[in-house]
Protein chains: 2
Amino acid sequence: MNTTLSHARQNFIQGMSRISHFWGFPRAMGAIFGAIYLSPEALSLDELVEQAAVSKGAISTNVRQLERLGMVHKHIRIGDRKDYYTAETDFWKIIKGILREREKNEFNAALRTVDESLALSQSENSTPEEAELAAFYKTRLEAMQRFFHNLDNLVATVMALDELRQTTIQRLFSNTSDQ
Amino acid sequence: MNTTLSHARQNFIQGMSRISHFWGFPRAMGAIFGAIYLSPEALSLDELVEQAAVSKGAISTNVRQLERLGMVHKHIRIGDRKDYYTAETDFWKIIKGILREREKNEFNAALRTVDESLALSQSENSTPEEAELAAFYKTRLEAMQRFFHNLDNLVATVMALDELRQTTIQRLFSNTSDQ
DNA sequence: TATTTAATTCAGTTTATACTAAACGTATTC
DNA sequence: GAATACGTTTAGTATAAACTGAATTAAATA
């Protein structure tokens, strides 16, 4: 391959690796996605080993995670034992997948923690001073609860809007045509 | 203090610590914010040391970061050398601060990487095969550019809507009254 | 059934990062 | 101007996460 094109690819893969790390995902995950995204053909695990410069073990682990997030798709070919991967090119779908898989769990855990703390703080109030503090906790914790619910609704709304995309959301937030 | 209230506070602080870590911030940062958020009074650095159970050095570092993100506010009292901290209670403001401080840098870096890779890949195309591949890179990289710009617009829009909040956004995405 | 070829798992290593504790700098008070 | 009371910086340490390389499992073909 042309060294300039290969350089462009390496630069891109490195950038994806960096973004991935920034968002709290493994570096290799971004590198793998970058390699798949810039390939006209579906890539096998072994091809990924050389293109993304990551060990086989790491590819195996991370490509599965990428699939769970809906960022890549696995293809099997009859009479061929290798798995081949292509990239999801609809980024809104990707965002949706990430939010669903990743946030939902931790997000609900956060909500539960606030609920718990609130319940705990309201259980008893022996002295007036304690009752006052408990009341303060109540206002603060409830405010946070409301925020989390609002945020949840916002995310749900954006995700729902995505259902009608191509007609709505991309026209709303862009002035160029998408895809 | 009542042991139940103290237990509620510790539970909350632990939860904030966890969320903080999940979002790629230091655990101590969340713990410190949690302690400040649940305090009716502004807290000094030394008070934070015991409430958040984190060393003085870590408090010093993380509380500064919290201030940069607009999550806490520093207060000085005349005739008192200590710094006191209170929590920002407007979470939309906090989100704004985080997006501004944290994403903008890394987000633009990501955009630049894509720009770079695109420029590189389009510089020369000696053979027909290379030209074809370069064309493929172009479509893929441009699609990603568009997505990033749309995302940027979406974020900018949500942030702009926040300016008119209390009248608009919270009524849109909630069925309870906020603040 | 043995051999080849693939993906997965796992033990060990590396690396990055956050944290602690102590030293330091700085300003106020006696 | 010495002592005190802060916040900050830094050197060292601990820890967790990710990655590598090798062993293992699984599947297909001979």
Side-chain angles (χ1 to χ4, degrees), chain A residues 13-14 16-36 42-69 71-86 102 105-106, chain B residues 13-14 16-36 42-69 71-86 102 105-106:
Chain A
I13 289 174
Q14 207 179 313
M16 290 298 106
S17 167
R18 182 180 164 166
I19 295 175
S20 184
H21 175 244
F22 176 73
W23 285 103
F25 297 101
R27 283 197 163 86
M29 228 180 98
I32 293 166
F33 178 78
I36 299 177
L43 291 179
S44 70
L45 198 146
D46 283 320
E47 286 166 331
L48 280 170
V49 168
E50 56 170 274
Q51 293 220 14
V54 170
S55 75
K56 214 178 169 188
I59 302 272
S60 175
T61 302
N62 285 295
V63 93
R64 199 169 337 125
Q65 177 66 2
L66 283 170
E67 216 199 350
R68 281 189 59 241
L69 296 176
M71 296 183 68
V72 304
H73 302 287
K74 187 196 281 197
H75 303 273
I76 53 170
R77 296 176 185 166
I78 49 169
D80 188 342
R81 278 194 261 165
K82 295 182 186 170
D83 297 338
Y84 294 89
Y85 296 92
T86 56
R102 176 171 164 171
N105 304 320
E106 195 61 24
Chain B
I13 289 175
Q14 207 178 314
M16 290 298 105
S17 167
R18 182 180 164 167
I19 295 175
S20 183
H21 175 245
F22 176 73
W23 286 103
F25 296 102
R27 283 197 164 87
M29 226 180 100
I32 293 166
F33 178 78
I36 299 177
L43 291 179
S44 70
L45 198 147
D46 283 320
E47 286 165 331
L48 281 170
V49 167
E50 56 172 274
Q51 293 219 16
V54 170
S55 75
K56 214 177 166 188
I59 301 272
S60 175
T61 303
N62 285 295
V63 93
R64 200 170 336 126
Q65 178 66 1
L66 282 169
E67 217 199 347
R68 280 189 60 239
L69 296 175
M71 295 182 70
V72 304
H73 303 286
K74 188 196 279 199
H75 303 273
I76 53 169
R77 297 177 185 167
I78 47 169
D80 188 342
R81 278 193 260 165
K82 295 183 187 172
D83 296 339
Y84 294 90
Y85 295 93
T86 56
R102 178 173 163 170
N105 305 319
E106 195 61 24

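Naming: A, B, ... by sequence-line order, numbering from 1 per chain.
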Margin query: Between P on D:dG7 and NZ on B:Lys82, what's the gap in Å once rounded to a whole number?
Written below: 8 Å
Next item on the list: Quick one: pull up NZ in A:Lys74 and CZ in A:Arg64 and give me the separation to the nearest 0.5 Å.
Entry: 8.0 Å
Item checked: Atom-pair distance (CG on B:Leu43; P on D:dG7), nearest Å -> 12 Å
Next item on the list: Choose from D:dC19, D:dG7, C:dC19 the nucleotide whose nearest atom is closest to any side-chain atom of B:Asp83.
Entry: D:dG7
Next item on the list: For A:Arg18 and C:dA16, give me the distance from atom CZ to atom C1', rounded to whole Å.
Entry: 15 Å
Note to self: How many whole angstroms separate atom CZ of A:Phe25 from atom P of D:dC19?
What the structure shows: 13 Å
Check: Between CZ of B:Phe33 and CD1 of B:Ile13, what distance do you get to the nearest 0.5 Å?
Finding: 11.5 Å
Next item on the list: Could you tell me the separation between the CD1 atom of A:Ile76 and the C1' atom of D:dA27, rounded to a whole number of Å?
Entry: 13 Å
Checklist line | Options C:dA7, D:dC19, C:dC19, nucleotide nearest the side-chain atoms of B:Asn62 | finding: C:dC19
Checklist line | Residue mapping more 5' on DNA chain D - nearest nucleotide basis, B:Tyr85 or A:Val54 | finding: B:Tyr85
Margin query: What's the closest nucleotide to the side chain of B:Asp46 if the choices are D:dA18, D:dG7, C:dC19?
Written below: D:dG7
Check: Choosing from C:dT28, D:dT20, D:dA27, which nucleotide comes nearest the side chain of B:Arg81?
Finding: C:dT28
Next item on the list: For B:Ser44 and B:Asp83, indicate whether the former's side chain and the latter's backbone hold a donor-acceptor pair under 3.5 Å.
Entry: no
Note to self: Checking contacts here: which listed nucleotide (D:dT9, D:dA27, D:dT4) is nearest the side-chain heavy atoms of B:Thr61?
What the structure shows: D:dT9
Checklist line | Donor/acceptor link under 3.5 angstrom from B:Lys56 side chain onto base of D:dG7 | finding: yes
Next item on the list: Taking all non-hydrogen atoms of both residues into account, name the closest pair between B:Glu47 and B:Leu43 and its distance.
Entry: OE1-CA, 3.3 Å
Check: Between A:Arg64 and B:Pro26, which has a closest nucleotide on DNA chain C that is more 5'?
Finding: A:Arg64
Note to self: Using OP1 and OP2 only, check whether a side-chain N or O of B:Arg27 sits under 4.0 Å from C:dT20.
What the structure shows: no
Margin query: Measuring to OP1 and OP2 of C:dT17, would you say a side-chain N or O of A:His21 lies under 4.0 angstrom away?
Written below: yes
Next item on the list: Calculate the interatomic distance between B:Ile59 atom CD1 and C:dA21 atom P; express it in whole Å.
Entry: 13 Å
Margin query: Tell me whether A:Arg18 is salt-bridged to B:Glu106, with the criterion being a basic N under 4.0 Å from an acidic carboxylate O.
Written below: yes
Item checked: Integer-rounded Å distance: D:dT20 P and A:Leu48 CG -> 13 Å
Next item on the list: Report which part of the nucleic acid B:Ala58 touches: base, sugar-phosphate, or nothing (heavy-atom distance under 4.0 Å, all strands).
Entry: base
Margin query: From CD of B:Glu67 over to C1' of D:dG7, roughly how many Å is that when rounded to an integer?
Written below: 13 Å
